[in-house]
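Take a look at the structure below.
For ligands, and for the atoms within them, numbers begin at 1 and follow the listed sequence. The figures here come from the full heavy-atom set of this structure, side chains too, leaving out hydrogens, waters and symmetry mates. We're numbering straight along the sequence, starting at 1.
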Amino acid sequence: MKLNLKLSFSSLAFLFSINMSLAQSDADVIFVNELHKLALKEGKSYDWLKELCSKAGPRIAGSKEYEKAVEISLAQLKSITNVKTSIQDVQVDYWKRGSSEIVKLFSSNGEVIPLVSLSLGNSISTDSFGITGEVIEVQNFTELEKLGDKVKNKIVFFNRPMDPGSITTFSAYGGAVDQRVFGASKAAALGAIGVVVRSMTTEIDDFAHTGVMQYDPKYNKIPALAISTQSAELLSSEIKNKGAFLYFKNHSEMIGKMNSPNVIGEILGSENPEKVILVGGHLDAWDVAQGAHDDGSGCVQSMDVLYLLQKMGYKPKNTIRCVLFSSEENGLHGGKAYAERAIKDKESHIFSLESDSGGFTPRGFTFDADTSVLKKYFKNVNDHFLPILEGLGYKVSIGGSGADIGPLKPLKGLLAGLKPDSQRYFDFHHTKRDTIDAVHPRELKLGAAAMASLVYLIDKFGIE
Ligand SMILES: [Zn+2]
């Protein structure tokens with residue numbers, strides 16, 4: 001095996017260069033490999049994440065903790081040579097959780113069993129007495145609607161799990177999350193008094209996962225809570241046995257509009273300063289955790305792209321702009337405000353890349369764009385960069401990019417999402433487990449290197 005290890009870098013570079021478009025050379029292969037080495041040895045992402053998690057911690061948009069996160073990330077961006085920083089004011093809806101939720105199951109044998117729960121983001125509060133009701137379990141909205149009047153004055157329990165057989169955890173999440181987002185109003189339309197939702201995770205554990213829910217203004221607002229998957233299993237077996245009653249009480253409040261800015265740092269382009277390549281993640285995180293994977297990781301990786309390119313001595317042709325978006329979790333206010341301004345100012349965004357799938361080992365990128373240009377751009381990415389990206393172990397495909405950069409689609413640039421290994425992402429997502437200890441420094445740093453490599457290639461060669 002020693003022989004393999006001794007395969008020189010230049011011979012690897014030669015292998016990757018076969019079939020490569022004329023535009024790239026061995027020098028580019030060497031550059032992106034050096035970028036990866038630099039990221040692992042001297043990259044800043046992990047240290048920056050540690051600082052964000054320990055000093056700002058849980059940072060829902062609108063909160064004092066979010067203000068602290070703005071201060072920390074501005075200072076981190078300012079520490080990079082040649083980076084110009086700014087903030088963009090964003091009006092967000094500030095929702096605040098009060099004291100801990102209480103959920104009790106009255107079992108068929110007379111026991112009172114506490115369940116592990118969290119209010120969903122935007123949920124209203126119960127009154128100070130809480131609510132009690134018989135629980136009706138459903139798997140989906142069709143089943144709920146068939147029950148009709150039978151759910152009147154009851155608590156509806158949405159218990160469809162994320163599909164454990166789905167290879168991509170994001171697909172499993174997409175297949176189950178409608179219950180969390182829309183379940184309360186669907187149940188309220190039939191007269192229910194509250195809802196509990198099985199937590200969005202493939203694990204069976206005792207952590208409740210919060211996340212955004214929305215009320216349909218046509219119906220009464222009723223309180224909505226997530227319960228841990230273990231609690232969901234227990235509740236379901238009780239219902240199947242002899243039926244079950246729940247008591248719950250939560251405290252939460254919609255404080256209203258607050259200014260909670262986007263944070264921006266950029267290196268001006270040497271040839272086309274008016275053309276922007278954007279890298280970003282969202283700075284806000286749910287109020288129950290440090291938001292290390294979601295999405296502190298994406299923020300520090302995006303900042304590290306600027307640091308790594310600068311440290312490599314690379315002078316970008318286009319402006320490389322890092323944007324840390326506000327309020328992705330609770331209304332996408334930061335992404336919408338940023339796109340509104342970019343569209344109004346007719347800014348050219350040739351490429352935007354978001355990291356918001358956790359700080360795990362990078363596996364590749366998914367690409368998206370306006371339908372009029374998507375096929376052309378994707379072909380160009382394949383023709384121009386695939387040998388280099390595959391040489392680094394990365395795959396490319398058409399797919400979603402990122403929630404925050406999605407609103408930039410009308411500008412007709414190329415959009416992309418970093419795709420890390422997502423198998424364990426939903427173990428941590430929106431729970432108190434999403435802490436710095438859950439992020440591996442090497443995995444996080446490799447993600448930053450992958451992003452910097454793609455940014456370098458597109459800056460140098462374009463996508464036309
Ligand atoms: Zn996120």
Side-chain angles (χ1 to χ4, degrees), residues 45 49 52-53 56-63 65-66 69 73 90 92 95 118 120-122 162 168-174 176-177 180-181 199-201 209-214 226 260 262-263 278-303 322-336 338 352-360 362 366 368 399-407 415-436 438-439 443-444 447-448 451:
S45 54
L49 185 62
L52 179 69
C53 289
R59 47 188 184 279
I60 195 164
S63 66
E65 291 80 5
Y66 185 85
S73 49
V90 179
V92 305
W95 175 86
L118 280 175
L120 295 177
N122 288 331
M162 275 173 59
T168 329
T169 52
F170 278 90
S171 315
Y173 180 66
V177 77
R180 190 194 75 203
V181 181
S199 281
M200 296 292 132
T201 176
H209 296 234
T210 188
V212 73
M213 59 83 58
Q214 291 168 9
S260 212
N262 291 333
V263 173
L278 182 154
V279 284
H282 63 86
L283 190 56
D284 65 310
W286 282 107
D287 57 327
V288 291
Q290 292 180 344
H293 279 294
D294 187 15
D295 183 28
S297 289
C299 292
V300 296
Q301 286 172 327
S302 300
M303 294 196 288
C322 164
V323 184
L324 312 181
F325 294 94
S326 174
S327 193
E328 187 271 349
E329 297 292 7
N330 205 9
L332 209 64
H333 301 96
K336 286 178 189 162
Y338 180 85
S352 303
L353 170 60
E354 179 156 2
S355 165
D356 184 20
S357 303
F360 301 98
T366 44
D368 193 14
S401 56
D404 299 292
I405 60 172
L415 309 176
L418 175 71
K419 288 295 140 204
D421 182 332
S422 71
Q423 294 309 323
R424 294 184 298 128
Y425 184 59
F426 290 94
D427 301 5
F428 308 105
H429 189 243
H430 300 175
T431 71
K432 63 180 181 186
R433 293 181 76 195
D434 186 7
T435 61
I436 185 72
V439 178
E443 295 178 0
L444 180 75
M451 292 170 76

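- The aromatic rings of Phe360 and His293 sit parallel to each other, their planes meeting at less than 30°, with 60° as the upper class boundary.
- If you take CG on Leu332 and OH on Tyr338, they are separated by 14.0 Å, rounding to the nearest 0.5 Å.
- At a cut-off of 2.8 Å, Asp295 does not coordinate the Zn ion (ligand 1) through any N, O or S atom.
- With 2.8 Å as the limit, Glu328 does not count as an N, O or S neighbour of the Zn ion (ligand 1).
- The minimum distance between the Zn ion (ligand 1) and any N, O or S atom of Asp356 involves atom OD1.
- Vertex the Zn ion (ligand 1); arms to His282 NE2 and Asp294 OD1; angle rounded to 10 degrees, 100°.
- Using modelled atom types, one finds a donor on one side chain and an acceptor on the other under 3.5 Å when comparing Ser422 with Thr169.
- Among the candidates Val300, Leu444, Leu418, the single residue satisfying the side-chain contact (heavy atoms from CB on, under 4.5 Å) test with Ser355 is Leu418.
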